[in-house]
2 protein chains.
Amino acid sequence: MELEEAKRKFIESWGKLGSEWGINRTMAQVHALLLISPDPLTTEEIMETLSISRGNANMTLRDLIGWGLIEKQHKPGERKEYFFADKDVWNIAKQVAKERRKRELEPVIKVLDELSKVTGDASDPEFSTFNKSVTDINKLAKNVDKTLETMLGAEESWFWGGIFKLFK
Amino acid sequence: MELEEAKRKFIESWGKLGSEWGINRTMAQVHALLLISPDPLTTEEIMETLSISRGNANMTLRDLIGWGLIEKQHKPGERKEYFFADKDVWNIAKQVAKERRKRELEPVIKVLDELSKVTGDASDPEFSTFNKSVTDINKLAKNVDKTLETMLGAEESWFWGGIFKLFK
DNA sequence: TTAAACTTTCAAAAAGTTTTGAAAGTTTAA
DNA sequence: TTAAACTTTCAAAACTTTTTGAAAGTTTAA
């Protein structure tokens, strides 16, 4: 396979994976493009390469900055803004985990905490089934949350040494 | 909060979380409904409770069976099919992880393996940046894959004992 | 100042996804 | 067999999300 074709394929696959995991396709594609670019790119270049509009490029770049996945860079003497991606996949994974935890897991835990407080007649199957499922899910969610917190906090814990020893 | 309101809220929240993670809202809601139902429900009852059409209910139930999250049950002397959800949250998490691994992670690894094979001039920044990102992501993906395999295979490994000791 | 170079906004359009519901198909009991 | 009871299908409609592009806004150098 030729390099240009491989690049296209990489961008396409990354976009598809993103959309399957609830991240919009364009955002994942822009991220992929920056991941394989040795140098920072301008909005113009990104628009061109991916055939997307100015508005879309701008919004997507802002979102990616919001996710902590890319950064702006200014070149001395130039007005244009350049964008580049952090290339450390471990940082990327951490950043995504961190954001999803904050944006999605935390609000759900808040609701589950409320729902866990609902009281009722323990001999009523309607109540006890509801209560068991809610408290079980709440426990799991809180454990995942705590585990993530630990994982994301500790740079090189026993945990990472154990799980990802083949990788780092 | 009253039980009926709490049930509604649980179904709504589960649906929202599902859609954020790439699972269709109705599917997550039907799953939530069955999770808090002490008894199996018919298609009719599900349609009614969630105000969805017959077609939608049928498709969604089939999908949920495909994900291994719910099962059909037949009551002796009755023609209708009843549906019920596995209530063990640990099984649910395992099942979802298993399916996503198969449906999404595996195809991506296949593409990454191919892209890793692309050869080029190591002194060309275009090639070396592409190559580094692809091989790094490939390594991470394979590690996640292996880790999931281990986790999902071993019922009560050191891993779960360690990570989820507060939960089980 | 001014105007060129660039970035941001947002309403409307396009694209993508989900849902509907009526019709077709299947199964069962008699 | 038949027909009632139930399940499945799928094209069209509704809804949701994403994208566009032109206009407005901002910054900078002279």
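Chain A is the first sequence line, chain B the second, and so forth, proteins listed ahead of strands; every chain is numbered from 1. In what follows, every heavy atom counts, from backbone to side chain, and hydrogens, waters and symmetry copies are set aside.
Between the CD1 atom of B:I46 and the C1' atom of D:dT8 there is a distance of 15 Å, given to the nearest Å. In this structure, B:Y82 places its OH atom 13 Å from C1' of D:dA5, rounding to the nearest Å. Between the P atom of D:dT16 and the NZ atom of B:K16 lies a distance of 15 Å, rounded to the nearest Å. Distance CD (B:E20) to P (C:dT17): 18 Å, rounded to an integer number of Å. Taking atom CZ of residue B:R25 and atom C1' of nucleotide D:dC15, one finds them 10 Å apart after rounding to whole Å. One can place CE of A:M47 at 10 Å from C1' of D:dG21, the figure rounded to the nearest angstrom. One interatomic measurement links the two molecules: CD of A:E44 to P of C:dA4, which rounds to 18 Å at whole-angstrom precision. One interatomic measurement links the two molecules: CG of A:N24 to P of C:dA15, which rounds to 16 Å at whole-angstrom precision.
Within a 6.0 Å radius of NZ in B:K87, other residues, nucleotides and ligands contribute more than 12 heavy atoms. Residue B:R100 places its CZ atom among more than 12 non-hydrogen atoms of other residues, nucleotides or ligands, all under 6.0 Å distant.
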Next on the checklist: Evaluate B:E71 against B:F84 for side chain to side chain contact (heavy atoms under 4.5 Å, CB included), listing each step before the verdict.
Outcome noted: CA-CA 6 Å; B:E71 284 178 49; B:F84 70 99; 3.8 Å; yes

Checklist entry - So B:E20 and B:K16, side chain to side chain contact (heavy atoms under 4.5 Å, CB included) or not? Walk me through it. => result CA-CA 6 Å; B:E20 279 161 347; B:K16 196 176 160 226; 3.8 Å; yes

Next on the checklist: Let's go through A:E4 and A:K7 carefully: what are the C-alpha distance in whole Å and the side-chain angles of both, what is the deciding distance for salt bridge (Lys or Arg N to Asp or Glu O under 4.0 Å) to 0.1 Å, and is it a yes or a no?
Outcome noted: CA-CA 5 Å; A:E4 288 310 312; A:K7 284 184 186 173; 3.4 Å; yes

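Taken together, the paired segments of DNA chain C that extend over three or more consecutive Watson-Crick or G-U pairs, each closer than 3.5 Å at both contacts, are C:1-30 with D:1-30.
Between B:E99 and B:K102 there is a salt bridge, since a side-chain N of the basic residue sits under 4.0 Å from a carboxylate O of the acidic one.
Within a heavy-atom distance below 4.0 Å of DNA chain C, the residues of residues 50-81 of chain B found are B:S51, B:I52, B:S53, B:G55, B:N56, B:R79.
For A:K75 and A:Y82, the positive end sits near the middle of the six-membered ring, less than 6.0 Å away and at most 45° from its axis.
For the pair A:L35/B:V134, no side-chain contact is recorded, criterion being any heavy-atom separation below 4.5 Å from C-beta on.
Taking side-chain N and O atoms only, B:T26 has a distance below 4.0 Å to OP1 or OP2 of C:dT19.
The residue from B:D88, B:D86, B:L152, B:L69 that alone fulfils the side-chain contact (heavy atoms from CB on, under 4.5 Å) condition with B:Q95 is B:L69.
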